[in-house]
A.B. asks: 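I have a structure here, written as structure tokens, and I will follow up with some questions on it.
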Amino acid sequence: PWAHGAGGAHPVMDRLPQIQHRVGAAVFAVHPRAAVPGGGGTVLNIHGRDFVVGETAVRLGEFTAAAPHAAGVVVSSALIRVEAAGMHHFDTQAPAEVASSHDAADAAAWSTDGLLVAFHRVPSAYYSDPSWGTEAGGTSCKLTGREFRDAGAQLKCQFGSTVVTAAGFISMNHVDCVSPAHAPNPQRGVRLAVAVNGRDYSDEVERRGQLEFTFGPQLEVFGLEPNHGPGTGGTVVTVHGGNFVPTAMESQQPAFSCRFGLTPVLASVTGVNQVTPATAVCRAPPHHVGFVSVEVSAGPGNFTTFGVMFEYQAATCLGGTLVTVAGANFIASNNQFGYGHGNPAHPGSGGGIFVGSSSDPLAGLDALACRFGNAYTVGASAVSSAVLRCETPVFSDATIDRALAVDTSNNGGEDFAGAQTYFEPLAHALVVSLSPRAGTNNGGTVVSVYGQGFTVDEPVWCRFGSTGPIPAEFMQEGVVQCKSPAKRGGVLPLEVSRGNTFDWSRNNVGFTV
């Protein structure tokens, strides 16, 4: 009989060899898709189906893992973790394939899913600019090295034990990284490395040592001195705070910036105004009237968020420009006290020529006068009957950069000539920074002057110390260039004048010869 009772064993089938039919394994994805050539040992995660512990073999191209239980770990039926085997050449690719270890000798038994693994050299990073930042993170640093690749999300930067995705691939020699938040330790940096596959990070570079990044304490802002200035800008503001210069960088000058509202400006780095751990000096840029917060940043990192306020107040054109008016019959009326003509020019005095008699209510008023924009009348001095000089008044903020009609009177402003000459009040030019900041004493250095008030419609001149005016070339809004003169060694204040060669800025930005 074939069987003995219900549920009994089959006496014949029990003695026959058993064959198990399995579906062939397949590969769906490989991570990472790049490995180190030459048997570098990159660990690959192979995702698929029907993987069997101890029996599924893995090969990359012509190189097969020696034994499934030694070279790879079958984590589950859908995941194998294996080291990339074989002496692959760099910049080559090989397919990742799987098969039963019992059929590894059969070429037809291997999967043919077409997922390729690329082999690239491990990158090397040997310089970072900057090489330090604050504990808050957010510092953008440019790494210089070799063998960098545009690997998308697999291009990683490692700061100590923290890994972040690179901010941007620039070239095979340059990558941008942004530092993460990290506990501060000014005395000891952390390893900074790069990987193009998210796993194999750059090693120490021979003769250069390990690349490090130093995390310092958070920058702090305590107060401003002064805490207000005119809307035209130019106010020299000392920012008081803490940790402006990391301990490791005290011998160097960081690229320190202040931000007034949304406008960043570089801090002064010359003379007594150098950035110190507790102070920085910045010039307020132009801004409309109101309050703005002033924040600081050391290098290309994030700005602070302390909210210390600076007040921009209504500005006025300071006046005082000596204007020469050419015309005819600039002779004061005979109806005056102390008649004179051709007196020495003293701006605003009328040369001692006054309207009316000593008892007249108008006595003491200038007989010769200039009027700007039908609103501002000032006394004038006659150089001759054809030349008049007058000093501009203090103009309101609303008249700045507007053409005002200039008229003259020889009877104290009772009657005007009705001339069609114009004068434009200008806001003071502002010098913020220079590039370069030094040149030879032979002169000829082309200096880019960065500031406010430089426009294509008004000429600009430069003055190095007492040497000037030197014509400047307009480059773009807020930037002009001028050549340095031959001077003896020293620090020369570089000032600019816009629209004329009389009214110079007073920003005292130094150029070193």
Side-chain angles (χ1 to χ4, degrees), residues 123-146 148 155-195 201-202 204-205 208-221 239 241-259 264-270 273-282 295-306 432-437 450:
S124 297
Y126 48 80
Y127 181 73
S128 174
D129 181 25
S131 60
W132 58 271
T134 68
E135 60 183 305
T139 300
S140 177
C141 49
K142 183 177 181 180
L143 270 61
T144 301
R146 64 175 185 267
F148 300 151
L155 182 59
K156 303 288 187 180
C157 303
Q158 185 182 52
F159 294 79
S161 59
T162 305
V163 175
V164 296
T165 301
F169 171 82
I170 302 174
S171 70
M172 292 190 69
N173 300 108
H174 297 288
V175 166
D176 280 338
C177 300
V178 176
S179 67
H182 195 282
N185 189 347
Q187 275 70 42
R188 184 176 181 180
V190 300
R191 180 192 179 204
L192 177 54
V194 177
Y201 287 89
S202 50
E204 294 185 17
V205 178
R208 291 191 179 94
Q210 177 174 282
L211 178 62
E212 293 186 344
F213 188 89
T214 302
F215 288 91
Q218 174 89 14
L219 274 66
E220 298 179 295
V221 179
V239 183
N243 307 317
F244 286 176
V245 183
T247 304
M249 302 293 293
E250 287 186 356
S251 62
Q252 305 179 31
Q253 280 296 304
F256 195 93
S257 300
C258 302
R259 188 178 66 189
V265 294
L266 290 174
S268 174
V269 295
T270 58
N273 293 333
Q274 291 190 9
V275 178
T276 71
T279 61
V281 176
C282 298
E295 308 295 349
V296 297
S297 172
N302 293 338
F303 282 90
T304 56
T305 56
F306 285 91
V432 175
S433 62
L434 310 175
S435 178
R437 297 180 179 179
Y450 299 88

A.B. asks: On a heavy-atom basis, which atom in Cys282 and which in Val265 lie closest, and how many Å separate them?
C.D. replies: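 Taking Cys282 first and Val265 second, the nearest heavy atoms are CB-CG2, 4.1 Å.
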A.B. asks: Determine the minimum heavy-atom distance between Thr139 and Gly133, stating which atoms define it.
C.D. replies: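 The pair with the smallest heavy-atom distance is OG1-CA, 3.5 Å.
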A.B. asks: Roughly how far apart are Ser202 OG and Arg146 CZ, rounded to 0.5 Å?
C.D. replies: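 If we round to the nearest 0.5 Å, Ser202:OG and Arg146:CZ are 10.0 Å apart.
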A.B. asks: For Ser435, which residues count as a side chain to side chain donor-acceptor pair (under 3.5 Å) partner, sequence neighbours excluded?
C.D. replies: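 Ser435 satisfies side chain to side chain donor-acceptor pair (under 3.5 Å) with no other residue.
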A.B. asks: Do Val163 and Tyr201 have side chains that approach each other closer than 4.5 Å (heavy atoms only, starting at C-beta)?
C.D. replies: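 Yes. Closest side-chain heavy atoms under 4.5 Å.
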A.B. asks: When rounded to the nearest 0.5 angstrom, what is the spacing between CD in Glu295 and SG in Cys258?
C.D. replies: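 So the CD of Glu295 and the SG of Cys258 are separated by 10.0 Å.
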A.B. asks: Going by the rule side-chain contact (heavy atoms from CB on, under 4.5 Å), which residues pair with Ala166 if we only count those two or more places apart in sequence or in a different chain?
C.D. replies: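 So Ala166 forms a side-chain contact (heavy atoms from CB on, under 4.5 Å) with Leu155, Cys157, Val175.
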A.B. asks: So Phe256 and Val239, side chain to side chain contact (heavy atoms under 4.5 Å, CB included) or not? Walk me through it.
C.D. replies: CA-CA 11 Å; Phe256 195 93; Val239 183; 5.9 Å; no
A.B. asks: Can you tell me how far apart CG (Leu143) and OG (Ser131) are? Round to the nearest 0.5 Å.
C.D. replies: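 Answer rounded to 0.5 Å: 10.5 Å.
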A.B. asks: Go through the structure and list residues passing side-chain contact (heavy atoms from CB on, under 4.5 Å) with Glu220, not counting sequence neighbours.
C.D. replies: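 Only Phe222, Asn243, Phe306 meet the side-chain contact (heavy atoms from CB on, under 4.5 Å) criterion with Glu220.
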A.B. asks: Quick one: closest heavy-atom pair of Cys141 and Phe159, and the distance?
C.D. replies: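 So the minimum-distance heavy-atom pair works out to SG-CZ, 4.1 Å.
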A.B. asks: Restricting to non-hydrogen atoms, name the atom on Val178 and the atom on Ala167 that form the minimum distance, rounded to 0.1 Å.
C.D. replies: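 What the structure gives for the nearest pair is CG2-CB, 3.8 Å.
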A.B. asks: Find the distance between CG (Leu211) and OH (Tyr126) and round it off to the nearest 0.5 Å.
C.D. replies: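 The distance works out to 11.0 Å.
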A.B. asks: Can you name the side chain to side chain donor-acceptor pair (under 3.5 Å) partners of Thr165, sequence neighbours left out?
C.D. replies: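 Checked Thr165 against side chain to side chain donor-acceptor pair (under 3.5 Å); matches are Lys156.
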A.B. asks: For the pair Thr304 (side chain) and Val296 (backbone), establish whether a donor and an acceptor sit closer than 3.5 Å, ignoring hydrogens and angles.
C.D. replies: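 Here the side-chain-to-backbone pair exists.
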A.B. asks: Kindly indicate whether the side chain of Phe213, heavy atoms from C-beta on, has any atom under 4.5 Å from the side chain of Cys177.
C.D. replies: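 No, every pair of side-chain atoms sits at 4.5 Å or beyond.
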A.B. asks: What pair of heavy atoms forms the shortest contact from Ala298 to Trp132, and how long is it?
C.D. replies: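 Minimum heavy-atom separation between Ala298 and Trp132: CB-CH2, 3.4 Å.
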A.B. asks: Go through the structure and list residues passing side-chain contact (heavy atoms from CB on, under 4.5 Å) with Glu135, not counting sequence neighbours.
C.D. replies: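 Only Pro184, Pro217, Gln218 meet the side-chain contact (heavy atoms from CB on, under 4.5 Å) criterion with Glu135.
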A.B. asks: Pairs in or reaching into residues 172-181: which pass side chain to side chain donor-acceptor pair (under 3.5 Å), with residues at least two apart or in two chains?
C.D. replies: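 Counting only pairs at least two positions apart or across chains, the side chain to side chain donor-acceptor pair (under 3.5 Å) contacts touching residues 172-181 are Thr144-His174.
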A.B. asks: For Val190 and Phe215, work out which heavy atoms get closest and say how close.
C.D. replies: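 Looking at all heavy atoms of both residues, the closest pair is CG2-CE1, 3.7 Å.
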